[in-house]
A.B. asks: 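Please find one structure pasted underneath; my questions will follow.
On a predicted model such as this, the values are computed, not experimentally measured, just so you know. Reminder, nothing fancy here: chain letters follow the sequence lines and each chain counts from 1.
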Amino acid sequence: MTSGSARTGLSLLSPAFLVMAATLLAPVVALIVMSFWTQSGFEIDRTFTLANYSRLVEPGEGTVWYGIRFPLAYPVPAVLMVKSLAMSLVATICVIGVAWPMAYFLAFRVTRYKAMWMILLTIPFWTSYLLRVFSWKIVLGFNGAINSGLQWLGLIREPLEFLLYNPLAVMITLAHSWIAFSVLPIYVSLEKIDRTLLEAASDLGDSRWKRFRRITLPLSMPGTIAATLLVFIPTVGDYVTPTLVGGPGGTMIGSLVQQLFLRQDNAPMGAAISIVMMLIIAVLVGLFLWLIGYGRIRRRIG
Amino acid sequence: MDDPIIRIEGVEKSFGSFQALKDIRFDIARGEFFSLLGASGCGKTTLLRILAGIEQPTRGQLTIDGKPMAGVPANRRPTNMVFQSYAIFPHLTVRENIGYGLVYQNLTKAEAKARTDEAIELVKLTGLDDRSAHQLSGGQRQRVALARALVCRPKVLLLDEPLSALDKKLREEMQQELRSLQRTVGITFVFVTHDQEEALTLSDRIAVMSGGRVLQIDTPEGLYERPNCREVAEFVGTMNLFPAQVQQVDGGQVIADGRALGNLVGRSPDRPVASGEAILMALRPEKIEISAAGAAGPNSVAGRVASVSYLGDRSHYLVAVDGLTAPVVVYRSNSERTAVAAGAEVALSWSDADALVLAR
């Protein structure tokens with residue numbers, strides 16, 4: 001019985017497992033192997049070496065970025081890593097800040113036509129990711145919607161140039177792309193809250209605000225945490241958005257990796273940077289979960 | 001009633017076009033164990049939620065401890081509630097659950113801890129302080145819900161079918177505990193239940209509800225012995241009903257024509273009864289004597305035993321009587337050794353004082 005159901009389980013899992021192995025595990029292994037090689041021109045030298053990793057931490061004259069000193073011989077990756085993490089963090093906070101009230105509204109205020117609201121939420125996804133990013137170019141651009149609008153109103157004479165091609169534009173675009181994804185997990189955790197718990201809290205003396213802080217917010221944590229990670233992890237490594245709306249000032253670590261692979265002919269260095277970035281994100285996420293006591297939350301609520 | 005803890009005056013509640021409560025008015029005395037009894041959908045829970053302030057009445061006035069409750073939200077009322085699902089906060093421990101409402105009581109940390117300890121002990125949950133909700137059994141959850149409400153020292157404790165989720169044995173145990181707990185703390189309990197036996201066991205007084213109305217408010221004994229209508233009579237215990245027509249009202253007695261059953265004599269009700277009125281003679285199963293055949297005189301009918309159920313201390317008989325569609329139910333103590341077998345021709349008889357006259 002047990003071995004039978006185990007076999008059924010395995011055979012059910014195996015398609016997903018095979019796909020995962022082919023598309024995730026294999027590339028990561030390839031990346032790890034490659035990061036120990038070197039490249040000159042089109043030639044790849046397959047001798048094992050830690051040169052790529054040591055180059056990342058090799059001390060040197062370095063540079064200063066927003067008051068932070070990076071005393072490294074090759075500071076670009078380090079600077080871009082910190083910058084990417086910071087930009088993703090800001091984008092994630094914006095996403096959660098916007099998505100949370102939307103999810104709350106859906107879970108507590110909408111009583112009819114919930115499915116319709118859900119479909120409305122997914123409408124932006126009916127167009128491609130590229131088109132959505134491009135549309136921000138149209139909104140923020142030199143002759144874009146905001147500039148033309150302000151000019152038409154007579155508030156400005158010359159178009160504003162600081163709207164596009166900078167970190168702010170990247171963060172706005174990233175936040176917009178990910179909001180819909182983060183509404184769902186938060187919505188599910190809010191929807192799951194037994195409404196009697198809220199009545200009980202009021203009965204025991206909570207005002208509406210206190211009740212929100214003591215019951216609704218803590219019980220929504222699993223979904224909120226899931227949404228946070230769902231946005232933060234993929235945005236750190238994004239390179240499409242910075243390439244399209246970031247300009248020279250808005251580049252992120254993903255842009256560097258892409259350049260190393262395709263333009264600078266240094267795939268092994270790109271691989272090493274990717275691996276380091278992955279590890280840093282894993283450590284940060286682990287630290288975040290430990291700090292908020294995720295294990296305890298999951299044991300209690302999950 | 002002088003100085004009642006709760007006064008309900010003409011409370012009505014509508015949900016859309018559905019009228020859940022119709023002109024409810026009664027008082028509940030201080031320290032009383034008061035039950036709202038009725039089938040599901042009769043409005044008893046809605047009334048309890050109105051007392052708690054979770055629902056607002058559409059019309060009417062509610063006064064608790066002398067203060068009108070209109071516009072007073074649930075969190076400012078001197079009431080606390082034990083929910084049917086218990087509503088234990090899943091992200092908090094037993095201790096945190098029980099102490100939840102104490103933050104609003106202006107207590108020092110030490111006082112709050114002492115109050116919580118006392119409540120944990122009162123409901124016998126000592127040693128389970130750090131458990132969370134999903135580590136508790138149904139009975140334990142029920143105790144947490146009870147302690148969490150009692151620890152706030154409400155003027156009125158509202159209980160919404162708190163025992164319905166427990167198995168029979170645990171339920172009977174908890175009934176005893178609830179009753180003695182109520183005597184210990186001296187708080188007024190308003191208890192909602194659909195279980196008439198539970199209501200009879202626990203309550204000082206019971207309001208029987210049906211279709212959004214209160215049918216009768218009385219002590220358990222009063223409800224059982226003197227139901228004021230057919231619905232109450234049938235909801236509380238079992239009642240045999242014989243259709244009859246009033247012939248004569250003579251002082252405390254009503255003499256009626258029971259057609260095939262012959263003349264029936266019963267105790268006259270509080271309301272006036274007119275000659276010629278169609279009535280029901282109502283008889284509790286344990287008030288009927290069963291004997292060997294030979295029916296004669298009023299309040300005596302012949303029948304044949306259709307079935308016998310043996311219940312240990314007593315037996316239940318179903319007796320088929322000519323002229324009645326439903327068999328007559330008779331309970332008989334098994335301390336009387338003379339057994340009556342199914343199929344036997346018997347005579348049923350009862351005393352005038354045990355027969356009640358109810359409106360048809």
A.B. asks: Please check if atom NZ in Lys114(A) has more than 12 non-hydrogen atoms from other residues, nucleotides or ligands closer than 6.0 Å.
C.D. replies: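 Check passes, neighbour count above 12.
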
A.B. asks: By a 4.5 Å heavy-atom criterion (distance strictly below it), what part of Tyr104(B) contacts chain A: side chain, backbone, both, or neither?
C.D. replies: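 For Tyr104(B), the side chain is the part near chain A, not the backbone.
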
A.B. asks: Tell me whether Tyr239(A) at atom OH has more than 12 heavy atoms from other residues, nucleotides or ligands lying less than 6.0 Å away.
C.D. replies: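 Counting other residues, nucleotides and ligands, OH of Tyr239(A) stays at 12 neighbours or fewer.
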
A.B. asks: Please report the C-alpha distance between Ile54(B) and Ser202(A) in whole Å, then the side-chain angles of each, then the deciding distance to 0.1 Å, and finally whether the side-chain contact (heavy atoms from CB on, under 4.5 Å) criterion is met.
C.D. replies: CA-CA 8 Å; Ile54(B) 297 168; Ser202(A) 293; over 6 Å; no

A.B. asks: Could you tell me whether the side chain of Asn80(B) and the main chain of Asp203(A) form a donor-acceptor pair under 3.5 Å?
C.D. replies: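 Answer holds: yes.
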
A.B. asks: Determine whether more than 12 heavy atoms belonging to other residues, nucleotides or ligands lie under 6.0 Å from atom NZ of Lys22(B).
C.D. replies: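 Yes, NZ of Lys22(B) has more than 12 neighbouring heavy atoms, counting only those of other groups under 6.0 Å.
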
A.B. asks: Less than 4.5 Å to any heavy atom of chain A: does that hold for the side chain of Val151(B), its backbone, both, or neither?
C.D. replies: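 When you check distances to chain A, no heavy atom of Val151(B) falls under 4.5 Å.
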
A.B. asks: Counting N and O atoms only, with roles assigned by atom type, does the side chain of Arg214(A) sit under 3.5 Å from a partner on the main chain of Tyr100(B), one being a donor and the other an acceptor?
C.D. replies: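 Judged by distance alone, yes, a pair lies under 3.5 Å.
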
A.B. asks: Please report the interatomic distance CD1(Ile215(A)) to CZ(Phe89(B)), rounded to the nearest 0.5 Å.
C.D. replies: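 Output value for this atom pair is 4.0 Å.
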
A.B. asks: Does any backbone or side-chain atom of Asp194(A) lie under 4.5 Å from a heavy atom of chain B? Answer side chain, backbone, both or neither.
C.D. replies: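 For Asp194(A), the contact with chain B is made by the side chain alone.
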
A.B. asks: Is the shortest side-chain heavy-atom distance between Pro218(A) and Leu92(B) below 4.5 Å?
C.D. replies: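 No, too far: nothing below the 4.5 Å cut-off.
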
A.B. asks: When only pairs under 4.5 Å are counted, which of Arg148(B), Arg76(B), Arg77(B) shares the most heavy-atom pairs with chain A?
C.D. replies: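 Ranked by heavy-atom pairs under 4.5 Å with chain A, first place is Arg148(B).
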
A.B. asks: Under a 4.5 Å heavy-atom cut-off, does chain A meet the side chain of Leu102(B), its backbone, both or neither?
C.D. replies: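 For Leu102(B), there is no contact with chain A at all, as no heavy atom is under 4.5 Å.
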
A.B. asks: With a 6.0 Å cut-off (strictly less than), is the heavy-atom count around CZ of Phe17(A), excluding the residue itself, greater than 12?
C.D. replies: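 It does not: Phe17(A) CZ has 12 such atoms or fewer within range.
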
A.B. asks: May I ask you to check whether over 12 heavy atoms, not counting those of Gln135(B), lie within 6.0 Å of atom CD?
C.D. replies: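 Atom CD in Gln135(B) is crowded, with more than 12 foreign heavy atoms closer than 6.0 Å.
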
A.B. asks: Please check if the number of heavy atoms outside Asp167(B) that lie under 6.0 Å from its CG is greater than 12.
C.D. replies: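 More than 12 within 6.0 Å, yes.
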
A.B. asks: If the condition is ring pair (Phe, Tyr, Trp, His ring centres under 6.0 Å), which residues does Phe26(B) pass it with, not counting sequence neighbours?
C.D. replies: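 With neighbours one apart ignored, the set is Phe34(B).
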
A.B. asks: Can you measure from OG (Ser85(B)) to CZ (Arg195(A)) and round to the nearest 0.5 angstrom?
C.D. replies: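 These two atoms lie 13.0 Å from each other.
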
A.B. asks: What is the minimum heavy-atom distance between Leu219(A) and Pro90(B), and which atoms define it?
C.D. replies: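 Shortest heavy-atom separation between Leu219(A) and Pro90(B) comes out as CD2-CG, 3.6 Å.
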
A.B. asks: Can you say whether Arg49(B) sits under 4.5 Å from chain A via the side chain, the backbone, both, or neither, judging by heavy atoms?
C.D. replies: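 Just its side chain gets close to chain A.
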
A.B. asks: Let me know if Ile88(B) has heavy atoms under 4.5 Å from chain A in its side chain, its backbone, both or neither.
C.D. replies: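 Only the backbone of Ile88(B) comes within 4.5 Å of chain A.
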
